[in-house]
Amino acid sequence: MAGAGGRVRGRALGRFPLALPMGDLSNLHLKEEKIKPDANGAVVKTNANAEKADEEEKEDRAAQSLLNKLIRSNLVDNTNQVEVLQRDPNSPLYSVKSFEELRLKPQLLQGVYAMGFNRPSKIQENALPLMLAEPPQNLIAQSQSGTGKTAAFVLAMLSQVEPAHRYPQCLCLSPTYELALQTGKVIEQMGKFYPELKLAYAVRGNKLERGQKISEHIVIGTPGTVLDWCAKLKFIDPKKIKVFVLDEADVMIATQGHQDQSIRIQRMLPRNCQMLLFSATFEDSVWKFAQKVVPDPNIIKLKREEETLDTIKQYYVLCNNRDEKFQALCNLYGAITIAQAMIFCHTRKTASWLAAELSKEGHQVALLSGEMMVEQRAAVIERFREGKEKVLVTTNVCARGIDVEQVSVVINFDLPVDKDGNPDNETYLHRIGRTGRFGKRGLAVNMVDSKHSMNILNRIQEHFNKKIERLDTDDLDEIEKIAN
DNA sequence: AAAAAAT
């Protein structure tokens, strides 16, 4: 749904070291608190009144110096891969180069630094000012795996929370149980300097007493449980939600995904609720739908798929059937277990079969799929995170979002296909994006077992326009090669 | 096909 005046395409000037707003900032009011770190990096609140004039003068000088830089650099920034489409084409493009500039509450800035974030990532530079602007604005953001999307929307939620109000004000939906737990941990870590702040997990197995209302400020959950908590059980008053986040947003609103539940939840929210959609992938039709679902969105695309794919070496192994795939996997096993690995199967059944077969061969493997009990799932993912399990055999339940830094190998034991048997490019990118986190190198190996699956692989290869090389698992030298 | 619900 295009706004009355349409939109303009602009570029955020991300490369400039000083990131003050270009032009008039009067319609972009950020939060009031002025904060700065002391010599030790700890955050202290300044005496706003005494230092206000001083601050303003400094800002003026900084703005002047930025202007000079802009003139000298002739406004060209070819290195920038960020595309920003603003809801209001006339508002200035604004990006930040430090977290201080966002004027977050001191406790929140403290949380950011405690997590080891020093500077905003590319997506954060551009998304944070838009998300924190007053009044709140909607955002659809696309940026690759491992670029800091989670921290971005967690910051947005935390900065809107009023701890004195004992009811849910922010609601975040994740496509799976495991991802909800992971994101919840980020919220807890980043918000740990708010002693009063409480988080509720609306996930399977988390049963509450009937008839009560929950007092937690933020709710993270999966769609089914959240819908129950809002509609049927009324633990949450959806009318009081101020920020609504859809993580892995494309799958949350896709017909094949969690569309029904997500949209039903969205319809219960107040009209002025801020909506934030984040994903690494938006297939064309889903992208259009997203813009229909979100009123007047700002849009940010950090679209450099090639870059992700550059840090991940992709191979395929040619086999004739499932048993040959299993044999090839066994040949590879020594090489892939140097660090941690995830092995993806198309069905729960194949996953549990494969885990059992690998165990029979004497390998220690963990299995994770949706048919397991949630307690068991939580325990398995925890052991994998701790490195107690080196190899995880799983389904698409773990294709998205799961962030385990030591994972350097992804095996597609079955190629990702949709329900019609067509290649699922989005899932492919998400799966191999489990490795190569934060620019580290990764390895992806695809097992091909028929002419049909070779065809699928070729189509995936064409889609990303990136060569997937053949790997001979009978040739030990080749395996040596990929292990390094 | 998988995931997602206290049904």
Side-chain angles (χ1 to χ4, degrees), chain A residues 171-184 200-214 219-236 238 245-266 268 279 281 283 286 322 342-355 367-378 380-381 392-402 412-431 434 449 452-453 456:
Chain A
L171 176 59
C172 177
L173 294 189
S174 298
T176 64
Y177 175 78
E178 286 75 15
L179 190 55
L181 296 191
Q182 177 180 292
T183 306
Y201 289 86
V203 294
R204 238 146 84 176
N206 193 0
K207 310 210 162 153
L208 304 176
E209 222 172 282
R210 276 184 180 275
Q212 66 178 78
K213 285 252 188 278
I214 63 170
V219 177
I220 170 87
T222 40
T225 308
V226 170
L227 183 58
D228 256 14
W229 285 23
C230 287
K232 206 171 92 195
L233 303 167
K234 303 203 187 299
F235 294 149
I236 301 171
V245 178
L246 289 180
D247 191 12
E248 306 296 342
D250 58 334
V251 80
M252 300 307 282
I253 61 166
T255 331
Q256 298 300 339
H258 301 98
Q259 189 181 79
D260 286 9
Q261 290 167 331
S262 300
I263 299 298
R264 279 178 66 192
I265 294 163
Q266 189 220 356
M268 302 172 77
S279 184
T281 54
E283 183 259 325
V286 182
R322 191 172 79 167
M342 294 173 86
I343 305 178
F344 288 98
C345 301
H346 190 50
T347 65
R348 301 163 166 194
K349 211 175 133 199
T350 308
S352 78
W353 168 83
L354 181 59
L367 170 68
L368 181 47
S369 86
E371 69 187 351
M372 293 158 56
M373 309 267 283
V374 280
E375 297 80 7
Q376 211 179 349
R377 290 169 60 169
V380 170
I381 196 75
L392 183 67
V393 178
T394 187
T395 62
N396 276 343
V397 69
C398 287
R400 285 166 171 264
I402 298 302
N412 285 322
F413 191 79
D414 298 312
L415 297 178
V417 291
D418 64 19
K419 71 169 199 339
D420 305 317
N422 291 315
D424 185 343
N425 298 314
E426 285 70 37
T427 299
Y428 182 83
L429 194 65
H430 280 279
R431 280 186 183 181
R434 293 318 91 219
D449 61 6
H452 175 67
S453 65
I456 303 276

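Nothing here was measured: the structure is a model prediction, and the numbers come from that model. Every chain is numbered from 1, with letters handed out A, B, ... down the list of sequences.
- For the OP1/OP2 pair of B:dA4 and a distance below 4.0 Å, the side-chain nitrogens and oxygens of A:R204 include at least one atom meeting the criterion.
- Among the protein residues, A:R377 comes within range of the sugar-phosphate backbone only, with heavy atoms under 4.0 Å from sugar or phosphate atoms but none that close to a base.
- Ranked by how close their nearest DNA chain B nucleotide is to the 5' end, A:F235 and A:K419 are led by A:K419.
- Put simply, CD on A:E426 is 20 Å from P on B:dA1, counting in whole angstrom units.
- In this structure, the CG atom of A:N206 is 10 Å from the P atom of B:dA6, given to the nearest Å.
- Between the CE atom of A:M373 and the P atom of B:dA3 there is a distance of 16 Å, rounded to whole Å.
- Taking every side-chain heavy atom of A:H346 into account, B:dA1 is the closest of B:dA6, B:dA1, B:dA3.
- Taking only side-chain atoms of A:D228, from C-beta outward, the nucleotide of B:dA4, B:dA1, B:dA6 with the closest atom is B:dA6.
- Residue-level contact check: A:L208 touches the bases, meaning some heavy atom is under 4.0 Å from a base atom.
- For the atom pair OG (A:S174) and CZ (A:R400), the distance works out to 11.5 Å, reported to the nearest 0.5 Å.
- The distance from atom CG of A:D414 to atom C1' of B:dA1 is 11 Å, rounded to the nearest whole Å.
- Ring geometry, A:W229 versus A:F235: the interplanar angle exceeds 60°, so the pair is classed perpendicular (tilted spans 30 to 60°).
- Distance CG (A:D260) to C1' (B:dT7): 15 Å, rounded to an integer number of Å.
- Atom-to-atom, CD1 of A:I236 to P of B:dA6 comes out at 14 Å; the value is rounded to the nearest Å.
- Here the CE atom belonging to A:M252 is positioned 4.5 Å from the CG atom belonging to A:L173, to the nearest 0.5 angstrom.
- If you measure from atom CG of A:L368 to atom P of B:dA3, you get 9 Å, rounded to the nearest angstrom.
- Within the nucleic acid shown, A:F344 has no heavy atom closer than 4.0 Å to any nucleic acid atom.
- Taking only side-chain nitrogens and oxygens, A:T395 never comes nearer than 4.0 Å to OP1 or OP2 of B:dA1.
- A:H430 has its NE2 atom 15 Å from the C1' atom of B:dA2, to the nearest Å.
- Which of B:dA6, B:dA2, B:dA3 sits closest to the side chain of A:S369 comes down to B:dA3.
- Legend: residues meeting salt bridge (charged side-chain N to carboxylate O under 4.0 Å, His left out) with A:D449, ordered by chain and number and at least two apart, are A:K325.
- Comparing B:dA6, B:dA1, B:dA3 by their closest approach to the side chain of A:R210 singles out B:dA6.
- Side-chain proximity of A:T222 to the nucleotides B:dA6, B:dA4, B:dA3 is greatest for B:dA4.
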Output a table of donor-acceptor pairs, distance under 3.5 Å, between side-chain atoms of residues 204-211 of chain A and any protein atom two or more places apart or on a different chain; print 'none' if there are none.
residue : atom : partner : partner atom : Å
A:N206  : ND2  : A:Y201  : O            : 2.5

